[in-house]
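What follows is a short report on a single structure.
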There are 2 protein chains.
Amino acid sequence: MTEADAGISETAAQLAAVVERLVEVLRRLNSRDGLSLTAASTLRRLDRGGARRLTDLAAAEGVTQPAMTQLVSRLEREGLVSRGGDPADGRVVVVRVTAPGRALVRRRRAARVRALSGVLKELPLADRVALAAAAPALDRLADLVAER
Amino acid sequence: MTEADAGISETAAQLAAVVERLVEVLRRLNSRDGLSLTAASTLRRLDRGGARRLTDLAAAEGVTQPAMTQLVSRLEREGLVSRGGDPADGRVVVVRVTAPGRALVRRRRAARVRALSGVLKELPLADRVALAAAAPALDRLADLVAER
DNA sequence: TATTGTTATACTCTATAACTATA
DNA sequence: TATAGTTATAGAGTATAACAATA
């Protein structure tokens, strides 16, 4: 085993433990704010990418078509998205985020950044520097995991 | 606004976006392996800390007592934990992880480390260095968030 | 009376299978 | 026949309220 391999295994073990903790923490923060992970992700996707067909949404979020039908129904009932038809194809349902939906996405994002800012302030400067330096690497890590 | 404050806000925004992506990725990896976040966390806790009373488990995992009763029943049905009594207090239920439960915890941990190692290998060295350097900071970040 | 745990009930979220409507 | 979406049904996972048993 080379030096580089040893470094990778150690880093992997450290990161796995850290990710485990972060997920546990996030599970609890998330459970109390009324929007499931998939619901929040779907709203963000519609906000970022515009209107989408229900089938496309289901595929993009990695859930089945019936699950997306139900999720869209719940979001519609809460006024966060709207259903529309496609004039060119009578079978299609086009989903759009509403103004209140967009507002919710923005509110949640701002709240997350605010909460994270508050926590970062309590960390030593060296930690904040390390985190800032690692953010792009974490993003590329997410790219690679998402590819699989 | 000082330089340091600006750095915190930027880092917070970057990290919030990264965390959002990581959670989305983890949601999908998790949904296909048959054990909920709470179930996995409960097994790990029992593996790490030994037998616990049902009420303690519920508090530690941040769920209600009835929810933990159900979770323990499901885990018991699958042979991953066992229920026992406390001779000193007839009301108490003591939960223990079984040998198959421990084996599952180890298998899942090894699989996570293996998967993460595979991904890290594809990242440039500079990214791996940045991630290794940030791991302790992420752990302290988790400490602070967990406190709240 | 207080604590420990379970049962009853309801809602979200997910899946698969069966169905309807359109192409 | 194939595709888009819904409905039917079932199970995990969560909560609150009501209950039983023990301290």
For the side chain of B/Thr98 and the backbone of B/Gly79, is there at least one donor-acceptor N/O pair under 3.5 Å apart? yes

To the nearest angstrom, how far is A/Gln70 atom CD from D/dT9 atom P? 13 Å

Can you pull out the residues from residues 77-96 of chain B that lie within a 4.0 Å heavy-atom distance of DNA chain D? B/Arg77, B/Asp89, B/Gly90, B/Arg91

Is any NZ, NE, NH1 or NH2 atom of the basic residue among A/Glu24 and B/Arg45 found under 4.0 Å from an Asp or Glu carboxylate oxygen of the other? yes

Is it the case that the side chains of B/Thr38 and B/Glu61 hold a donor-acceptor pair, with the cut-off being a distance below 3.5 Å and no angle test? no

Between B/Thr55 and B/Gln65, is there a side-chain donor-acceptor contact under 3.5 Å, judged purely by atom types and distance? yes

Once you apply a heavy-atom cut-off of 4.0 Å, does B/Ser36 come out as touching a base, just sugar-phosphate, or nothing? sugar-phosphate

Rounded to the nearest Å, what distance is computed from the CG atom of residue B/Leu37 to the P atom of nucleotide C/dT14? 12 Å

Using whole Å, report how far CG of A/Leu71 lies from P of C/dT14. 7 Å

One should read off an interatomic distance between A/Asp86 CG and A/Arg53 CZ, to the nearest 0.5 angstrom, of 7.5 Å

Need one value for A/Thr64: base, sugar-phosphate or nothing, where a base atom within 4.0 Å counts as base even if backbone is also close, heavy atoms only. base

Regarding the side chain of B/Thr69, the nearest nucleotide among C/dT6, C/dT14, D/dT6 is C/dT6

Sequence neighbours excluded, the answer for side chain to side chain contact (heavy atoms under 4.5 Å, CB included) partners of A/Ala110 is A/Arg114

For A/Ser73, report the nucleic acid contact type (base, sugar-phosphate, nothing); a contact means any heavy atom under 4.0 Å. nothing

With no hydrogens and no angle check, is any side-chain donor or acceptor of B/Arg140 less than 3.5 Å from a backbone partner on A/Leu123? no

According to a strict under-4.0 Å criterion, is A/Arg74 in side-chain N/O contact with OP1 or OP2 of C/dT12? no

Rounded to the nearest 0.5 Å, what separation is found between the OG1 atom of A/Thr69 and the CD atom of A/Glu76? 11.0 Å

For B/Ala12, is there any backbone N or O sitting under 3.5 Å from a side-chain donor or acceptor partner on A/Ser117? no

For B/Gln65 and D/dT14, what is the distance between atoms CD and P respectively, to the nearest whole Å? 15 Å

Check each residue of residues 47-60 of chain A for a non-hydrogen atom within less than 4.0 Å of any atom in DNA chain D, then write out the ones that pass by number, or none. A/Arg53, A/Leu54, A/Thr55

